[in-house]
Amino acid sequence: MLGSGQLSMSGGWTAYLCLASALTGLFGPAVAVKEHDFKKCDQAGFCKRNRAFADHVVANTAWESPYNILADSASFKDGQLQATILKTVNDAGETVRLPITVSFLESGTARVTVDEEKRQKGEIELRGDSKARKQRYNEAEQWVIVGGLTLDKEAKVDYQDDTQITVQYGPESKFEASIKFAPFSIDFKRDGDTHIKLNDKGLLNMEHWRPRIDASPAPEKQEGEDNSSSETESAETTAAQVPEAYPGEDQNTWWEESFGGNTDSKPRGPESVALDISFVGYDHIYGIPSHTGPLSLRQTRGGEGNFQEPYRMYNADVFEYILDSPMTLYGSIPFLQAHRKDSSVGIFWLNAAETWVDITKEKESKNPLALGIGSKTSTSTHWISEAGLLDVFVFLGPTPQDLIRKYSELTGTTAMPQEFSLGYHQCRWNYVSDEDVKDVDRKMDKFNIPYDVIWLDIEYTDDKKYFTWDGHSFADPIGMGKQLESHGRQLVAIIDPHIKNVDGYKVSEELKSQKFAVNNKDGEIFEGWCWPGSSHWVDAFNAAARKWWATLFKYARFEGSMRNTWIWNDMNEPSVFNGPETTMPKDNLHYGNWEHRDIHNLNGLTFHNATFEALKSREAGEFRRPFVLTRSFFAGSQRLGAMWTGDNQAAWDHLEGSIPMVLSQNIAGFPFSGADVGGFFGNPEKELLTRWYQAGAFYPFFRAHAHIDSRRREPYLAGEPYTTIIAAALRLRYSLLPSWYTAFRQAYLTNEPVIKPMFYTHPNEEAGFAIDDQFFVGNTGLLAKPVTQKDKETVDIWIPDNEVYYDYFTYDIIPSNKGKTVTLDAPLSKIPLLMQGGHIFARRDRPRRSSTLMKWDDYTLVVTVGKDGKTAEGDLYVDDGDSYEFEKGQYIYRKFILDGDAKTISSVDGEDRKKVKEGDWMKKMHQVTVDKIIIVGAPASWDKQEVTVESEGETWTATLEYTPAGKGRAAFAVVKKVGARIGADWKVSFA
Ligand SMILES: *[C@@H]1O[C@H](CO)[C@@H](O)[C@H](O)[C@H]1NC(C)=O
Ligand SMILES: *[C@@H]1O[C@H](CO)[C@@H](O)[C@H](O)[C@H]1NC(C)=O
């Protein structure tokens with residue numbers, strides 16, 4: 001769903017006309033983005049200052065960072081170093097005290113936190129009569145961190161003198177933090193080598209509090225402002241009196257700043273935090289989604305092929321976003337990974353304020369004449385946040401898996417999803433009536449197109465009042481919900497954080513009377529424009545507001561909602577049409593009087609959290625996994641549901657650009673992600689729509705969506721051959737659902753990506769580090785490379801290892817080809833999909849209308865025999881797909897093993913666990929069996945007619961059909977009607 005400006009007509013015509021004309025009057029007609037609607041670094045005072053500061057430092061070799069640890073302040077106890085950094089402010093030696101804590105955690109992660117004593121103690125004066133909190137925002141941790149903070153009692157000081165302290169920590173004390181006092185810097189080492197350096201370049205900058213000195217002769221005074229201070233006397237002397245962080249520092253934006261006609265009063269003055277973090281010997285860095293552009297991040301300081309602007313993280317409703325850009329998008333995860341052959345390290349910058357990251361790479365040559373040989377590249381990053389603490393977690397790897405695991409110990413793992421939510425979602429803005437929904441539902445059946453969820457965008461409401469239905473077009477939501485329910489389908493309805501400001505709307509009245517809304521800088525309820533026109537915003541930072549929010553979702557209260565109704569949280573950056581950069585004024589006040597500036601990037605997460613928790617309490621005794629899609633997110637949002645990449649366009653390059661975006665989400669700890677299939681804006685040509693479905697079938701979150709102005713494009717409207725091809729892509733997704741669900745189980749346990757880029761699965765193959773258009777699915781060995789270009793009938797796929805690969809559809813063999821690119825045929829009807837040898841994965845092949853209807857279907861196992869001709873392994877996780885009973889052991893987890901020497905395939909319990917008393921679901925699973933086993937690459941010695949099956953004390957035979965190898969095709973064998981229970985141990989013998 002889009003944000004500012006573009007409005008169009010449908011449904012309630014009159015309401016639209018009023019709103020549209022009102023908005024057109026305010027903002028003018030809106031056509032396309034709009035880069036200029038969003039700040040560049042030099043339009044954000046703090047970013048401009050810190051970049052200029054960096055330029056100054058880099059240009060002055062004699063520069064010395066003015067931050068020094070007071071040697072006798074340093075004390076180390078129980079895994080934690082405490083000290084005070086003194087920042088020297090001017091030549092007169094004036095200093096500012098900055099308490100620093102370096103925590104060494106049991107997980108081997110180190111954390112560096114720096115605060116500012118004066119603000120910590122609240123000993124500052126605010127401009128005007130601001131009610132804002134005086135501290136730097138210190139509650140991000142409360143929202144983001146859910147564990148992993150136990151201190152490492154084994155960490156020990158290895159060396160200490162007046163100039164430095166060295167701490168050994170981590171697994172087998174292999175990690176080391178070498179903290180230098182003057183100037184302050186930290187080198188993080190693993191096995192004696194430095195991998196990460198903080199403040200090596202001297203870009204640390206904590207803008208300390210200072211009293212305001214009015215520079216203008218006629219300063220505009222705010223009521224109650226302290227104007228008795230002698231410093232305000234003369235504008236002439238001001239410049240000399242104000243210490244500069246660097247010569248010529250631009251101080252114009254210290255106390256007030258305007259952009260696009262909006263003025264930000266800054267009651268606390270300048271308070272940015274910035275730091276350089278260098279990755280020594282690392283050439284590739286990944287992460288900090290969401291951005292368009294390549295998975296392996298670009299440099300940002302200009303030069304050929306580089307960006308000019310830093311990567312920006314300031315969650316915003318970026319209308320019609322552009323590709324290949326470091327511009328901000330709807331959500332942010334400030335988790336960054338550096339990678340090189342044999343090593344991965346990373347950092348997590350825990351700061352919820354607007355943040356920019358500059359990236360530069362330097363070649364260091366040991367021998368300057370060696371020209372490339374023996375030279376290595378190092379990457380430096382410069383992190384710049386507008387406010388808040390300096391709070392950075394340092395991960396020393398050494399593998400990409402370690403990084404994600406450690407990061408997820410802190411921020412949590414992916415929620416176990418509702419199983420249906422891995423199926424296909426049919427959405428558009430808007431299905432215009434309950435009859436329309438029922439009609440689409442019937443047509444999907446008529447054309448044998450599986451889907452699980454149909455979605456309602458904003459038009460279902462009565463005049464954009466959430467928790468209500470338009471009485472004319474949605475007169476019978478229950479009848480609609482029941483039709484969907486009758487074949488296991490679901491409804492998702494949109495509910496946004498802006499609440500229509502109108503009398504007689506109960507939700508609005510309660511919001512106001514209980515003071516649960518966000519306030520403006522004067523502490524009065526904030527009013528802005530969004531879909532409903534004049535609106536207020538729920539302040540989900542307030543626990544009482546969240547509790548109230550939960551009451552609104554009770555079945556009894558949200559009439560027309562049912563057990564198969566789920567929620568979509570859009571516009572939660574938040575999008576405010578008439579706000580600066582389409583969001584809230586930064587000086588708005590949230591619960592606890594934190595400024596919006598402090599918490600902006602967390603805003604979406606808190607609202608998502610409130611809705612998630614609400615869905616858990618819709619009815620007493622109901623305890624089901626919520627499904628809530630969010631547009632805005634932060635680190636930790638993976639615990640709450642799915643995200644999508646926002647308002648993309650029906651264009652080939654947007655299809656192509658979606659894959660690195662989704663991969664970036666996957667390696668940044670929030671794998672439940674996808675892009676709008678078909679493209680939100682515009683009308684995709686049929687070939688594009690078809691290719692997009694084929695790609696979408698491999699997004700962890702698979703939803704088609706379309707703008708209100710676009711033509712209808714449900715799959716059955718595409719016509720032949722497109723409809724059939726799209727349906728086949730959907731069937732492929734549905735047959736593989738057991739494997740997708742198993743991949744999500746892994747994401748739930750360890751936050752493994754659900755789809756994995758090459759650097760992640762093959763961290764030692766340098767040629768794969770920049771590849772971001774092909775990926776593996778979970779641990780299935782399925783390697784997909786969707787076609788993302790027009791008229792393409794072949795794709796080149798990079799083979800990362802010496803395993804044998806088989807074509808998924810034909811069983812053609814791609815022989816050992818490590819590091820080579822092979823060309824696959826990819827006519828429109830085909831998705832380029834390979835199977836890596838050595839795996840066993842599960843499918844359910846019987847075509848059904850929805851995933852719910854597949855619940856009791858038998859399984860097919862696909863075995864891809866490895867290059868040694870005899871081994872393969874895989875797993876399957878199944879539970880009821882809906883409740884939290886799995887937490888009590890109500891699930892099936894099997895490991896499948898092919899033993900070529902013994903000529904057996906067996907199924908064993910996938911983990912050591914106690915037998916549980918079987919609940920209803922597990923009992924019912926007794927009827928579910930393994931139907932078929934397909935062995936691709938089966939040796940010729942398996943050319944038999946029969947196999948023996950042993951399970952649960954019984955032995956029987958099953959038929960085997962063997963097909964010898966053909967031209968370029970692997971031999972394969974199919975065991976039919978295996979008949980063993982999926983939940984039981986069994987063994988199939990080919991001997
Ligand atoms: C600020 O100056 C005005 C004009 O001189 C004066 O009336 C007012 O009392 C002063 N306010 C304070 C807080 O000193
Ligand atoms: C939602 O937020 C509350 C308050 O911070 C927290 O207790 C709860 O665990 C959060 N829920 C999830 C699923 O993260």
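Every number for a ligand or one of its atoms is a count from 1 in the order of the listing. Scope of the values below: all heavy atoms of this structure, side chains included, with no hydrogens, waters or symmetry mates. Numbers here are sequence positions counted from 1. Model, not experiment: these values are computed from the prediction.
- Between Phe553 and Trp549, the ring planes are perpendicular. Angles over 60° get that label, and only those under 30° would be called parallel.
- If you look at His498 and His536, their ring centroids are not closer than 6.0 Å.
- Aromatic ring orientation, Tyr407 versus Phe335: parallel (interplanar angle below 30°, classes split at 30° and 60°).
- Below 30°, between 30° and 60°, or above 60°: for Tyr877 and Tyr891 the angle between ring planes is between 30° and 60°, a tilted geometry.
- Heavy-atom contacts of Leu640 reach the following atoms of ligand 2: 12 (C), 13 (C), 14 (O) (cutoff under 4.0 Å).
- Closest to atom 10 (C) of ligand 2 among all protein heavy atoms lies Asn609 ND2, 2.4 Å.
- Ring-plane geometry between Phe670 and Phe633 is classed as perpendicular, the angle between the planes exceeding 60 degrees on a 0 to 90 degree scale with a lower cut at 30.
- The single protein non-hydrogen atom nearest to atom 11 (N) of ligand 2 is Glu613 OE2, 2.6 Å, given as residue, atom name and distance.
- Looking at Val146 against ligand 2, nothing comes within 4.0 Å, counting heavy atoms.
- The protein non-hydrogen atom at the shortest distance from atom 14 (O) of ligand 2 is Arg639 NE, 3.2 Å.
- The distance from ligand 2 to the heavy atoms of Phe612 drops below 4.0 Å at these ligand atoms: 13 (C).
- Checking atom 5 (O) of ligand 2 against the protein gives a heavy-atom contact under 4.0 Å.
- Any N or O atom pair closer than 3.5 Å counts here, and Gln142 shares no such pair with ligand 2.
- When each atom of ligand 2 is checked for a heavy atom of Arg546 under 4.0 Å away, the hits are 4 (C).
- Contact check on Glu885 versus Lys888 returns a salt bridge, with a Lys/Arg side-chain nitrogen under 4.0 Å from an Asp/Glu carboxylate oxygen.
- Taking the six-membered ring where the residue is Trp, Phe886 and Tyr748 present perpendicular rings, their angle passing 60° and hence far from 30°.
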